[in-house]
Amino acid sequence: MTYSIITKQRHPDDAWRLPDYEQTRATFTWDKARSWLSGLPGGGMNIGFEAVDRHIEAGHGDWEALRCVAADDSVTHISYAELAADASRFANVLVGLGAGPQERVFTLLGRRRELYTAVLGTLRARRVLCPLFSAFGPEPVRQRLALGDARVLVTTEALYRRKVEEIRHLLPGLAHVLLAGPVTDLPPGTLVLDHLMAQAPPVFAVPPTGPQDMALLHFTSGTTGTPKGAVHVHEAVVAHHATAAFALDLGPRDVYWCTADPGWVTGTSYGIIAPLTHGATLVVDEGEFDVHRWYRILDAQHVAVWYTAPTAIRMLMRATPRGSGSGLPGPYDLSALRFVASVGEPLNPEAVVWGQEVLGLPVHDNWWQTETGAIMIANYASSDIRPGSMGRPLPGVHAAILERGHDGRAAVTDGHVRPVTQPGVEGELALRPGWPSMFRGYLNDRARYDACFADGWYLTGDLAKRDEDGWFWFVGRADDVIKSAGHLIGPFEVESALMEHPAVAEAGVIGRPDPVAGAVVKAFVSLRPGYEPEAGLKRALLAFARKRLGPAVAPREIEFDQNLPRTRSGKVMRRLLRARELGLPEGDLSTLEGPV
Ligand code: ATP
Ligand code: MG
């Protein structure tokens with residue numbers, strides 16, 4: 001099925017919004033973006049300062065920074081001035097504990113006020129922040145605390161008891177554990193954060209901070225293997241700020257909701273840092289995912305800009321399919337919503353069109369990685385959307401498709417790579433280094449970092465193609481691509497075609513080795529409510545996919561699976577589907593979603 005281009009109307013009354021794509025790209029430099037921020041009074045750059053202090057200096061301390069929506073829907077409002085005081089107290093706590101500059105402060109917290117305090121306090125104190133996903137079990141927590149040389153951990157009493165207490169003796173470098181929120185029975189070797197905060201002064205001058213000082217340590221999602229620790233520096237904030245304007249259409253006082261967990265790079269770069277640098281109001285949802293709860297938040301909080309993930313959109317789609325005539329699943333008013341974007345996995349064209357029909361707005365797909373630190377390719381706010389495309393490189397970003405070698409990755413011959421010049425040809429997506437939020441290393445793994453670069457390009461490990469107008473289309477991860485009877489098949493294309501069938505909620509596609517074809521395409525499919533996993537439906541889906549994709553690309557086999565394995569950041573783990581299918585070792589499961 002071909003999807004038509006969705007054309008955009010520019011907002012007539014918003015002067016701050018950036019001019020069109022070509023014009024901005026032609027005149028943009030990262031130095032210009034640096035000038036959009038304040039910099040430290042004595043020179044240098046500190047993320048904590050850019051996120052909070054500069055609004056206060058501009059007289060906007062009363063603007064609302066956080067809007068915390070508790071599980072019972074009660075709401076707490078926190079101003080920029082209050083956030084600055086909290087962050088300063090926390091910075092003083094760190095100094096008081098003897099945690100030195102550049103030492104690592106980890107958070108293992110759900111979305112709650114103390115998380116924002118710890119993140120911003122750590123950054124303003126020039127210590128290094130590493131956020132962990134609070135649903136990790138003890139072993140993934142231990143691995144990351146050990147690898148990252150954690151000196152301080154901020155968590156809660158319940159999380160400490162469940163995940164840290166038993167492994168604490170394995171972490172001799174972990175000097176301080178601070179418990180956020182109420183504490184009923186203080187475990188040995190921990191401190192009550194509230195008590196420390198109450199004694200700490202609410203003022204803390206940001207120390208001199210170099211733009212290249214390490215600021216953040218982010219672990220990747222573990223979709224393709226063992227998670228890697230990507231190192232980011234303070235000047236990354238220049239990219240966070242600029243890209244949030246370009247790709248999320250974000251501006252001062254926008255009510256903004258990023259649904260990504262702060263344990264992942266999206267939840268920090270765009271869940272905390274970028275929106276605060278813009279003076280936006282962050283919706284902090286302390287509850288769990290629930291279709292009605294999410295629509296209620298969009299409605300009651302008048303969310304204007306919403307950044308979410310394909311998996312979440314697919315879950316909403318499951319509740320209200322397109323064309324069902326039902327629209328939203330209740331009397332929700334989404335008229336405040338102005339912009340919707342998604343990241344993390346390919347966004348099926350069906351989901352873009354669903355947004356247009358059910359939410360009244362198309363979903364803007366964008367692409368980036370933990371390593372890139374900020375959005376690189378996006379459906380630019382003021383550009384038309386080609387459903388299924390991840391958009392075009394943002395101003396300041398130079399992307400290319402490189403010719404592939406035998407292993408599916410970019411071919412490097414005598415140290416040189418060859419950019420593809422023909423439109424529509426698949427190859428490895430590569431970026432020219434030089435943007436401020438590029439990772440500066442994988443922690444303790446220099447060789448792996450070095451292997452990411454060739455001939456002046458950063459090689460992303462993803463395959464993509466570019467059309468004749470410069471739009472980029474995701475094909476698949478180099479590790480996931482299927483070679484079948486001489487064809488190169490991206491799982492995304494097959495999954496998207498299956499999702500056009502009304503019975504299909506989600507699909508994960510792999511190659512199963514085959515003596516004749518090399519590999520045959522196999523799809524694992526979860527069904528929407530009301531459909532039974534029976535043989536007739538399987539036949540119908542096979543025929544449907546053959547018609548859509550042609551026999552060379554369509555799946556040969558379909559298996560129903562209502563619980564597709566996913567990372568905790570919401571991505572289908574094809575490597576696990578493949579390992580299970582072939583009876584191979586399952587590999588690193590530390591980021592697998594599921595009970596802990
Ligand atoms: P690991 O590197 O540990 O295997 P990961 O690559 O999933 O995990 P992240 O850095 O969270 O870790 O995710 C980045 C990857 O997610 C990209 O390289 C790409 O494969 C995928 N991705 C992100 N956004 C998009 C998008 N809009 N379309 C397609 N794929 C995307
Ligand atoms: Mg990756």
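Computation of the quantities below employed the complete heavy-atom set of this structure, encompassing side-chain atoms and omitting hydrogens, waters and symmetry-equivalent molecules. Note that ligands are numbered from 1 as they come in the structure, with each ligand's atoms numbered from 1 the same way.
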Of all the non-hydrogen atoms in the protein, which one sits nearest to atom 4 (O) of ligand 1, and at what distance?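 The protein heavy atom lying closest is Thr224 OG1, 2.4 Å.
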
To the nearest 0.1 Å, how far is atom 25 (C) of ligand 1 from its closest protein heavy atom, and which atom is that? Trp367 CD1, 3.6 Å

Taking both backbone and side-chain atoms of [X], is any N or O found less than 3.5 Å from an N or O belonging to ligand 1?
| X | value |
| --- | --- |
| Phe474 | no |
| Gly222 | yes |
| Asp365 | yes |

Sorted by chain and residue number, the ring-ring contact (aromatic ring centres under 6.0 Å, His included) partners of Trp367 (sequence neighbours excluded) come out as none

Any idea which atoms of ligand 1 are less than 4.0 Å away from a heavy-atom of Thr370? 9 (P), 10 (O), 11 (O)

For ligand 1, which atoms sit closer than 4.0 Å to a heavy atom of Asp462?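 Once the distances to Asp462 are compared, the set is 17 (C), 18 (O), 19 (C), 20 (O).
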
Side-chain H-bond candidate by donor/acceptor type, Thr370 with Thr220, under 3.5 Å: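 On atom types as modelled, these side chains do not qualify, holding no pair under 3.5 Å.
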
Under a 3.5 Å cutoff, is there a donor and acceptor pairing between the side chains of Thr567 and Ser569?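 Distance-only check passes for Thr567 and Ser569.
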
Within the 6.0 Å centroid threshold, strictly below: Tyr449 and Phe439: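 Yes, the ring of Tyr449 comes within the 6.0 Å limit of the ring of Phe439, centre to centre.
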
Examine ligand 1 and decide if any of its atoms is less than 4.0 Å from a heavy atom belonging to [X].
| X | result |
| --- | --- |
| Gly344 | yes |
| Asn366 | yes |
| Trp368 | yes |

With a cut-off of under 6.0 Å to the ring centre and 45° to the axis, is Arg392 in cation-pi contact with Tyr21? yes

